Asks: 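Dropping a structure here in structure tokens format, bear with me for questions.
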Amino acid sequence: MADKMNMEILRYRPEQDEKPWVQKFEVPFTHETSLLEALCYIKDNLDGSLSFRWSCRMAICGSCGMMVNGTPRLACKTFLRDYAGEVMRIEPLANFPIERDLVVDLSDFIEKLERIKPYIIPKEEKKDDEEYLQTPTQLEKYHQFSGCINCGLCYAACPQYKLNKEFIGPAVIALAYRYNLDSRDAGMKQRLELLNQESGVWSCTFVGYCSQVCPKGVDPASAIQLSKIHSTTDYIISKITPGAD
Amino acid sequence: MDIVKADVAIVGAGGAGLRAAIAVAESAPDLDVALISKVYPMRSHTVAAEGGAAGVYRDDDSLYKHFVDTVAGGDWLCEQDVVDFFVDRAPRELYQLEHWGCPWSRQPDGRINVRPFGGMKVPRTWFAADRTGFHMLHTLFQTSIKYSHIHRLDEHFALDLIVHDNQVQGVLTFDIQNGIPRLVLAKSVVIATGGSSRCYKFNTNGGIVTGDGMALAYRHGAKLRDMEFVQYHPTGLPGCGVLMTEACRGEGGVLTNKDGYRYLQDYGLGPETPLGHPKSKYMELGPRDRVSQAFWQEKKKGRTIKTPLGDVVNLDLRHLGEKYLHERLPFICELAKAYVGLDPVDAPIPVCPTVHYTMGGIETDGKTACTIKGLYAAGECASVGIHGANRLGSNSLVETVVFGHVAGDEAAKFSREVDFADQNKTEKEAEDLYAASRSIIGAKGHDENMGRIRAEMGQTMDDGVGIYRDDASIRATIAKLAELKARYKKVKVSDDSNVFNTEWLNAVELGFLLDNAYAMAYSALNRTESRGSHQRLDYPERDDKKFLAHSLATYNGDDAPTITYGSVKITKLKPAKRVYGAEGEKAEAAAKAAAEAEAAKEGK
Amino acid sequence: MKRSNEPIFWSIFGAGGMLVAIFVPVLIALSFFITKIPEGEQINAAKSSIDAAFAWFTYSGFGSFICFLTISGCVWHALHRVYHGMHDLTIHVNFAHQLICYGLAFIISLIALVACAIRMFS
Amino acid sequence: MFEVTKKEAPSKRKPFNRPVEANWWTRKKFYTMYMIRESSVLFAMLFALELLAGMICAATGNDTSCLIKWINFMASWPVKIVNVIGLFAVLYHTYTWFNLMPKAQRLMVKGEPMPGSFVKVALYGALFITSLVAIALAATGLLSI
């Protein structure tokens with residue numbers, strides 16, 4: 001007989017509730033059951049009004065980020081077996097406004113993602129049947145930072161973003177760094193305009209929890225420190241070349 | 001009701017939708033695009049594709065070879081002129097993605113690397129480690145940010161199309177975040193909503209792959225073509241159905257049954273190729289339908305491995321070694337550890353066939369135009385005619401960009417020739433449609449549990465319209481689907497809120513799924529032959545005389561869809577016996593000899 | 001889109017951090033072996049080389065220069081962290097806080113520099 | 001042409017912002033360790049002030065009487081107790097600092113990013129050598145006035 005898991009889920013329906021409240025559920029689970037499957041079980045059988053984002057169930061689309069016992073995790077890659085005997089406290093992703101139940105408003109994150117010019121600004125044009133040569137080493141240099149699935153867990157983990165919502169945040173800087181390192185790109189100068197600001201890389205005090213919670217090992221904390229070096233070099237250059245700034 | 005007016009509306013922001021939006025923004029910079037998607041673009045199911053995208057690259061490869069592989073793979077049900085166009089445009093689109101920053105895997109000298117893939121004679125599958133779909137989608141989404149004329153309507157659910165006398169005028173959407181309906185008036189609409197594999201219970205697809213666009217066009221008179229051809233991917237994880245990319249076998253992985261025997265050689269894919277040295281079109285590199293069918297036969301013989309999650313065979317990658325695995329298949333290692341608690345470096349992965357792709361879709365011509373004027377369809381939701389009865393691995397990702405580009409250009413051209421519909425009349429119609437769609441909420445006497453209808457639909461589709469089918473099993477599924485459609489009319493939706501009302505939206509999605517499933521089942525019933533992924537136990541042979549034709553399903557509301565048949569364009573490659581492995585090699589040699597003899601004769 | 005001046009402070013903070021990490025531990029450890037000098041006696045290396053070393057460290061020209069560097073490294077690094085720490089403690093930091101922290105670091109470094117100059121040229 | 005006309009009643013959307021508690025860092029062990037790491041350097045500052053006192057003594061007055069008072073001060077047990085705690089704090093700083101440093105470099109060695117361990121070995125090496133030199137100089141009485 002499958003074991004039972006006690007779950008406390010933070011509910012919030014904007015049209016009925018003034019503030020979030022906790023609803024308790026009891027969900028049967030086996031060795032394979034993921035938190036996402038448990039939430040779908042609740043929605044199909046216990047309370048149809050429970051709303052949450054999900055799609056791929058294989059930790060690649062980045063929809064199902066939420067807080068599990070206070071830790072930002074992907075629901076599809078969190079298994080009830082690891083919480084046997086405990087109560088699972090499920091809350092919406094931290095540091096974002098709650099839209100409804102476990103759905104948060106990610107528009108701040110998406111807007112910053114668009115501001116960082118996350119696209120190749122090419123050094124030289126290429127004909128349409130000719131590729132830029134990029135050795136495996138050149139690819140390997142930025143490849144880790146191109147693995148970000150935009151799930152937002154690092155924003156939920158970052159105390160600096162909690163304290164100052166102007167901070168553009170770990171994932172956006174990692175994406176900027178991914179393009180700044182790409183051998184085909186020449187857009188670093190433009191992206192540095194945003195990174196050089198107080199709310200750019202300079203809001204980061206290297207807590208390092210963003211890299212700890214990242215489900216894809218992108219290590220945004222490292223990207224931020226390396227971007228600080230870029231920004232500092234750019235600062236020095238701008239100060240010594242007259243009228244550059 | 002809120003109204004948005006845009007020259008072109010695109011429903012679905014996956015590979016095809018984004019490429020179409022960029023195509024409009026580039027080819028017609030003065031036009032504006034409303035990119036409608038029920039999820040943020042980077043959540044679209046393109047993100048889960050792993051294997052790669054096929055495009056001729058190597059010197060020993062040719063467009064004709066890619067053409068032959070695709071048509072033979074599709075068991076000659078392909079529109080050969082469209083396949084010609086497709087194989088010619090494929091490389092160019094992949095280079096374009098490379099210019100936009102897609103991190104394709106590379107050879108030591110910096111040139112693109114390609115890898116072997118099922119059914120492909122010459123390696124031509126471009127790949128980005130084992131997350132090609134993810135990298136393609138993020139490249140497309142991030143590149144689309146460059147264009148200010150692309151206005152994204154994120155988390156907008158497409159409830160219905162507005163069609164006046166067979167011409168599309170707009171899309172009725174629901175802004176999920178704000179909980180309000182929004183009518184998008186457009187002069188042309190591109191549908192790029194992806195497949196409908198969620199009709200089946202056990203599948204590799206995301207929760208959003210519910211065939212919305214297919215059902216919408218179907219209900220407005222567009223025909224669904226070749227719906228009976230549903231691809232089973234041979235290697236999905238049991239239970240959760242997560243995909244183990246075909247690239248595992250492309251890189252040398254092997255499939256063994258409970259005795260450790262590489263059983264594929266018994267099913268026309270032999271002889272056994274040496275471990276770790278895969279040979280194109282042999283053994284594990286056979287096309288997906290053949291490899292899945294071999295599993296079914298092994299299971300019938302009781303030679304598969306029993307597990308609490310069902311029958312499996314072993315996908316063994318151990319001989320590839322840790323470094324190679326972590327370089328070429330890092331995501332597979334991560335998934336195997338997370339979902340079945342095994343490290344592919346030291347243990348074989350249990351796999352079994354899972355529903356993966358819908359070959360069929362909205363009938364379109366070679367330029368993605370549907371029978372409804374102003375409506376275009378691209379990607380998995382469309383049946384543009386290149387996959388036929390079985391899609392070859394890595395032909396789909398490149399299809400999204402090739403035909404996304406075409407759909408964008410065509411939609412832009414069309415929108416210049418027509419004008420917007422009358423706003424007030426259309427708005428009135430949209431309000432009625434919205435009210436009708438909301439009427440199922442809290443309706444009296446509605447007490448059918450949605451989850452149970454969905455589960456039973458999936459189960460009956462798995463049972464009756466699976467890898468092998470016969471008349472009785474399909475009819476049983478059709479009867480069950482009819483009962484489910486009736487029960488669906490009484491589906492219980494208790495949540496009457498507006499903001500993020502996912503229960504109501506799931507009910508609407510279930511409606512789409514049931515319509516698509518109905519079309520799939522009836523198309524399968526009428527095709528009394530075995531071709532590609534549609535294998536009939538009662539009609540095991542391919543019947544080119546009667547069934548070298550596309551099936552076309554026309555919507556009849558709750559009644560059975562009428563199934564008619566459309567001709568198949570054959571240009572260069574005459575239908576022949578579809579063979580792989582050594583037999584395939586012999587047949588190819590014979591065909592080449594015949595072609596040379598013919599050429600010599602003409603030469604005299 | 002104002003460029004932040006943080007790179008200056010961050011660079012000094014980084015250098016200070018390295019100095020604190022590598023040099024200060026042994027200094028503190030050695031300071032445990034400083035012994036009292038009996039009444040009326042002078043600093044005598046034979047009797048207590050540690051005392052003499054610390055004396056050299058603050059008294060000699062070259063020694064005091066290293067001591068100045070050590071002090072500056074420590075205070076600039078520490079006060080940079082105090083400034084950001086206040087922000088972490090949800091204190092709404094503004095230019096005044098910045099002035100206090102970095103001003104204090106500057107003053108302490110200045111005192112050390114002056115003392116070092118005196119020792120060097122006396 | 002892209003035109004938006006708003007007619008619908010304002011949306012019923014009411015996003016809820018959870019309050020930012022001042023003691024957020026007590027809620028999670030990771031954050032608490034971060035705050036400890038940040039405050040560990042206060043002891044380095046304390047030690048710097050001790051040295052500053054010494055420098056001031058050395059600089060004022062031409063004889064070494066004040067310097068001797070400073071040395072006796074440094075030898076007093078309250079200062080030593082504070083410095084014992086200070087040593088652990090600074091060593092914790094060293095440990096965390098050397099953990100973070102590898103993340104601030106991205107050198108490529110044989111096609112792979114250089115593993116962090118190389119950087120740590122170099123840093124702990126520097127610590128070891130510096131300490132050795134300092135102890136040698138201090139113990140041998142070479143340094144004196």
Side-chain angles (χ1 to χ4, degrees), chain C residues 14 16-18 20-37 41-46 49-60 63-64 67-68 70-75 77-79 81-82 84-85 88-90 108 111-112 114-119 122, chain D residues 20-22 24-25 34-35 38-39 41-45 47-52 54-60 62 64 67-68 70-72 74-76 79-80 83-84 86-87 90-91 93-95 97-98 101 104 123 126-127 130-135 137-145:
Chain C
M18 201 55 89
V20 167
I22 291 178
F23 192 45
V24 172
V26 70
L27 277 184
I28 300 183
L30 287 172
S31 75
F32 297 155
F33 301 99
I34 298 175
T35 54
K36 260 197 178 359
I37 298 171
E41 278 189 29
Q42 281 305 328
I43 298 162
N44 171 343
S49 63
I50 306 288
D51 295 356
F54 271 89
W56 170 83
F57 190 44
T58 52
Y59 198 81
S60 74
S64 62
C67 193
F68 153 68
T70 309
I71 292 172
S72 306
C74 289
V75 291
H77 179 79
L79 286 168
R81 280 188 147 168
V82 164
H84 283 283
D88 291 348
L89 296 172
T90 68
I108 294 172
I111 297 168
V114 166
C116 164
I118 292 169
R119 289 314 314 147
S122 69
Chain D
V20 175
E21 316 95 348
W24 56 271
W25 50 277
Y34 158 70
M35 291 302 262
E38 291 296 299
S39 45
V41 289
L42 290 178
F43 285 92
M45 174 147 175
F47 186 69
L49 295 178
E50 289 165 19
L51 291 180
L52 188 67
M55 284 192 80
I56 292 166
C57 272
T60 56
N62 39 34
T64 58
L67 196 57
I68 292 166
W70 175 67
I71 288 176
N72 292 338
M74 290 294 283
S76 68
V79 169
K80 286 199 174 173
N83 283 348
V84 164
L87 179 60
V90 169
L91 282 175
H93 161 77
T94 302
Y95 166 70
W97 190 260
F98 286 176
M101 274 305 123
L123 290 170
L127 171 70
T130 322
S131 307
L132 217 62
V133 167
I135 292 165
L137 290 174
T140 55
L142 279 169
L143 299 177
S144 183
I145 56 171

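By convention in this document, chain letters (A, B, ...) are assigned in the order of the sequence lines, proteins followed by strands, and residues within each chain are numbered from 1. These numbers were taken from a predicted model, which means no experiment stands behind them.
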Asks: Less than 4.5 Å to any heavy atom of chain D: does that hold for the side chain of I37(C), its backbone, both, or neither?
Replies: both
Asks: Do V82(C) and V41(D) touch side chain to side chain, with heavy atoms closer than 4.5 Å?
Replies: no
Asks: Find the distance between CD1 (I135(D)) and CZ (F33(C)) and round it off to the nearest 0.5 Å.
Replies: 8.5 Å
Asks: Could you have a look at E50(D), M101(D), K80(D) and say which one has the most heavy-atom pairs with chain C under 4.5 angstrom?
Replies: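 Highest number of pairs under 4.5 Å: K80(D).
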Asks: Rounded to the nearest 0.5 Å, what separates atom SG in C67(C) from atom CG in L52(D)?
Replies: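 So the SG of C67(C) and the CG of L52(D) are separated by 8.0 Å.
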Asks: Can you name the residues that form a salt bridge (Lys or Arg N to Asp or Glu O under 4.0 Å) with E38(D), not counting sequence neighbours?
Replies: R81(C)
Asks: Can you say whether L67(D) sits under 4.5 Å from chain C via the side chain, the backbone, both, or neither, judging by heavy atoms?
Replies: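 When you check distances to chain C, only side chain atoms of L67(D) fall under 4.5 Å.
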Asks: Do L123(D) and M18(C) touch side chain to side chain, with heavy atoms closer than 4.5 Å?
Replies: yes
Asks: Below 4.5 Å from any heavy atom of chain D, which atoms of I28(C) appear? Answer side chain, backbone, both or neither.
Replies: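 Contact with chain D is through both the backbone and side chain of I28(C).
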Asks: Chain C: which of Y95(D), W70(D), F43(D) shares the most heavy-atom pairs with it under 4.5 Å?
Replies: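 Max contact count across the listed options: W70(D).
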Asks: Answer whether the closest heavy-atom distance between the side chains of I108(C) and L49(D) falls below 4.5 Å.
Replies: yes
Asks: Working to the nearest 0.5 Å, report the span between CD1 of I22(C) and OG1 of T130(D).
Replies: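 Result: 5.5 Å between the selected atoms.
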Asks: Quick check for you: among L42(D), T64(D), I56(D), which has the greatest number of heavy-atom pairs under 4.5 Å with chain C?
Replies: T64(D)
Asks: State, with a plain yes or no, whether a side-chain heavy atom of D88(C) is found less than 4.5 Å away from one of Y34(D).
Replies: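 Counting from C-beta outward, D88(C) and Y34(D) do come under 4.5 Å.
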Asks: Can you check whether L89(C) reaches M35(D) side chain to side chain, under 4.5 Å on heavy atoms?
Replies: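 Yes - at least one pair of side-chain heavy atoms lies under 4.5 Å apart.
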Asks: For residues 51-58 of chain C, which side-chain donor-acceptor pairs fall under 3.5 Å, sequence neighbours excluded?
Replies:
unit_1 : atom_1 : unit_2 : atom_2 : d
D51(C) : OD1    : T35(C) : N      : 2.9
D51(C) : OD1    : S48(C) : OG     : 3.2
D51(C) : OD2    : T35(C) : OG1    : 2.8
D51(C) : OD2    : S48(C) : OG     : 3.1
W56(C) : NE1    : S60(C) : OG     : 3.0
T58(C) : OG1    : F54(C) : O      : 3.3
T58(C) : OG1    : A55(C) : O      : 3.1

Asks: Would you say W24(D) and T90(C) make side-chain contact, with heavy atoms under 4.5 Å?
Replies: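 Heavy-atom side-chain distance check passes, below 4.5 Å.
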Asks: Check whether L91(D) gets within reach of chain C through its side chain, its backbone, both or neither, counting any heavy atom under 4.5 Å.
Replies: side chain
